[in-house]
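Just so we're on the same page: letters track the sequence lines, and every chain starts at 1.
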Amino acid sequence: MQIHNTLSGQKEEFQPLEPNKVKMYVCGPTTYNFIHLGNARPLVVFDCLRRYLAFRGYDVFYVQNFTDVDDKIIDRSRELGEEPLQLAARFIGEYFRDADALGIMRANIHPRVSEHMTEIVEAVGVLIEKGFAYVVDGDVYYRVRAFADYGKLSNRNLDDMLAGARVEVDGRKEDSADFALWKSAREGELFWESPWGPGRPGWHIECSVMSNRYLGKTLDIHGGGNDLVFPHHENEIAQSEALNGQKFVNYWMHNGFITINNEKMSKSLGNFFILRDVLDKYPADVVRYYLIATHYRSPLDFDDTKLEEARRALGRLKNTLVLAGEFIAAGAEESGTVAGESRLLAEIKQLELDFIEAMDDDFNTARAMGCYFEMARALNSFVAAGDSQDAGQRRELSEAIGIFRKLGDVLGIFIEAEGSRPEQVEGVLEIYVELRQAARKEKDWASADRIRDILGESGIQIQDGSEGSKCRYDGSPGLEALMGGLMELRVMFRGKKDFAKADLIRDELRKKGIIVEDTKDGARWRILD
RNA sequence: GGGCGGAUGGCGAAGUGGCUAACGCUGUGGUCUGCAAAACCACCAUUCACCGGUUCGAAUCCGGUUCCGCCCUCCA
């Protein structure tokens with residue numbers, strides 16, 4: 001298995017510290033707002049990586065922190081008049097709502113800065129003792145010149161950085177590149193006690209301390225967005241390696257950025273999309289698919305048409321599951337068992353190997369996705385040409401689809417959509433009303449009665465008045481049953497060659513985002529997400 | 001100024017020395033269908049920003065040019 005390591009700038013063979021175990025740490029959000037689409041990329045990417053490692057037999061221990069003490073949180077809390085820690089805790093809750101919706105597995109541990117102050121203060125103290133840090137007026141700075149390897153991750157040296165000269169000069173610092181480990185509290189600000197006076201930690205020290213606490217001095221994989229390479233991860237290395245005297249991280253992985261019109265999406269530019277707003281318009285599995293359909297290190301440009309495309313592509317994949325499911329369910333009796341030559345299974349297994357090879361190559365989800373679509377085509381093809389009455393074929397397809405689903409779960413693209421859709425129930429009832437009126441007009445009493453009966457089974461009374469019919473019901477009728485009824489009616493009208501009504505069902509549903517598809521002996525429906 | 005990465009068909013996106021340049025979306029033709037939808041089959045880049053070089057052979061390696069993004073300041 002090859003992983004691109006930012007430290008070397010190359011792909012390297014992955015060798016975990018302990019056989020079959022992976023210790024990984026991913027930088028989590030600063031919780032002062034809802035997360036945006038850009039935040040979602042590393043979440044999905046590293047969630048996928050984690051699932052894949054587990055699939056490959058590794059026991060993954062995954063830590064993701066929350067920065068719940070930070071200048072931005074303090075600023076925001078002033079704006080909103082809410083206690084900083086309370087505000088942070090609230091947005092941690094919101095974070096989980098979003099992450100859960102996206103199907104992100106929870107980390108084994110989600111440590112928070114506010115709960116690790118003792119260790120942080122202790123670590124800063126050790127850095128001072130060892131000569132890697134110094135105190136100025138209650139602030140503590142890391143002495144960058146003391147750490148010989150400073151710049152090894154981001155490939156820069158201190159002298160070049162000065163030449164760029166966009167670093168603000170703070171006369172109190174020994175070197176302009178020195179960064180804060182501890183910031184003294186200003187009047188009325190949130191603070192913790194320390195030997196250097198009341199204050200709070202600088203941004204970088206938390207990750208060093210918390211990863212050390214839960215994963216030890218050296219970890220296998222550390223992930224995060226590209227922009228964290230410098231200064232955040234560079235500083236983490238400086239702190240951890242100065243503290244522990246040994247290598248901090250074996251593999252550094254960084255995801256590329258999401259851009260809008262080829263410009264970075266960020267809070268500071270104001271061109272960001274809140275994930276929750278995106279999830280209002282597109283289902284979570286579509287967003288997830290979109291985020292992994294491109295290699296994780298490539299930039300990803302965002303606009304609505306990309307999600308539209310993702311929706312269609314993913315729809316094809318999901319449809320394979322539906323088609324195969326029907327095929328497998330078609331014949332109950334075990335008759336006509338002729339053991340097939342298993343060409344399908346052989347093909348699927350080969351594609352699974354291709355898939356694994358792609359993923360092993362620096363986690364190439366884009367290439368793996370290609371294999372996955374080829375699997376879908378093979379499965380669809382089998383369904384189209386096969387005989388569902390043949391138990392042997394059903395068994396073969398069943399085994400093949402098992403592999404297909406397993407790999408889909410590694411990618412996490414088959415998330416169940418949550419929640420009922422009351423607005424769709426209403427829409428469906430309108431169609432019933434229209435059908436009943438049409439049937440009554442034509443004195444097609446049998447059809448009209450059948451419509452009333454179907455509704456009755458869902459606890460809905462249809463009442464015919466002089467201006468039309470109305471539906472009355474208590475509670476929330478299930479969409480499934482109502483749709484099942486419409487499918488029955490469509491089949492019935494088609495049987496009578498009453499295409500006007502059969503088409504009315506299809507066309508009206510289409511307008512409401514539901515697709516009707518006729519099958520050999522019935523009809524099925526699906527929601528166009 | 002320094003560091004990193006990118007430029008592949010109508011769109012998105014794989015591919016790092018050699019079979020027909022994956023895969024998806026879109027489009028076109030066909031099969032199926034009452035008509036559709038879905039599915040299946042077929043077609044859609046003599047060409048990989050540009051110039052030069054290495055090589056029997058390059059989208060892939062080397063040199064140069066142009067354009068673009070990111071980092072050097074909080075940001076995934």
Worksheet entry | Set of ring pair (Phe, Tyr, Trp, His ring centres under 6.0 Å) partners for His36(A), sequence neighbours left out | Phe272(A)
Practice prompt. Report the residues that fulfil ring pair (Phe, Tyr, Trp, His ring centres under 6.0 Å) with Tyr282(A), sequence neighbours left out, ordered by chain and then residue number.
Written response: none
Discussion item. Restricting to salt bridge (Lys or Arg N to Asp or Glu O under 4.0 Å), what partner residues turn up for Asp498(A), sequence neighbours left out?
Written reply: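 For Asp498(A), the residues satisfying salt bridge (Lys or Arg N to Asp or Glu O under 4.0 Å) (neighbours in sequence not counted) are Lys501(A).
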Worksheet entry | Residues that Asp149(A) engages under salt bridge (Lys or Arg N to Asp or Glu O under 4.0 Å), provided they are two or more places apart |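 Per chain and number, Asp149(A) pairs via salt bridge (Lys or Arg N to Asp or Glu O under 4.0 Å) with Lys152(A).
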[X]: which residues meet the side-chain contact (heavy atoms from CB on, under 4.5 Å) condition with it, sequence neighbours left out?
| X | result |
| --- | --- |
| Arg143(A) | Tyr134(A), Ala146(A), Glu174(A) |
| Phe96(A) | Phe66(A), Ile92(A), Asp100(A), Arg106(A), His110(A) |
| Arg97(A) | Glu94(A), Arg276(A) |
| Val45(A) | Arg41(A), Tyr296(A), Phe363(A) |

Worksheet item: In dot-bracket notation, what is the pairing pattern of RNA chain B, taking Watson-Crick (N1-N3 plus N6-O4 or O6-N4) and G-U wobble (N1-O2 and O6-N3) contacts under 3.5 Å, with [ ] crossing and | for other strands?
Response: ((((((((.[[[..)..(....]]].(((((.......))))).....[[[[[..)....]]]]])))))))....
Worksheet item: What string of B, S and - do you get for nucleotides 23-31 of chain B, 5' to 3', when a contact is any protein heavy atom under 4.0 Å?
Response: SBSS-----
Side chain of [X], heavy atoms from C-beta onward: which of [options] has the nearest atom to it?
| X | options | value |
| --- | --- | --- |
| Phe230(A) | A38(B), A76(B), C71(B) | C71(B) |
| Ala384(A) | A37(B), A39(B), C71(B) | A39(B) |
| Thr294(A) | A14(B), A76(B), A39(B) | A14(B) |
| Arg367(A) | C74(B), A38(B), G15(B) | G15(B) |

When you compare the protein's N or O atoms with those of nucleotides 33-35 of chain B, which come within less than 3.5 Å of each other, and at what distance?
residue, atom, partner, partner atom, Å
G34(B), O6, Arg490(A), NH2, 3.2
G34(B), O6, Arg494(A), NE, 3.4
G34(B), N1, Asp503(A), OD1, 3.0
G34(B), N2, Asp503(A), OD2, 2.9
C35(B), O2, Arg506(A), NH1, 3.2
C35(B), O2, Arg506(A), NH2, 2.7
C35(B), N3, Arg506(A), NH1, 2.6
C35(B), N4, Arg490(A), NH2, 3.4
C35(B), N4, Asp518(A), OD2, 3.1

Worksheet entry | Sugar-phosphate only, base, or nothing, as touched by His295(A) at under 4.0 Å among non-hydrogen atoms |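 Sugar-phosphate contact only.
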Polar atoms only, N or O, under 3.5 Å: list the protein pairs with nucleotides 7-10 of chain B and their distances.
none

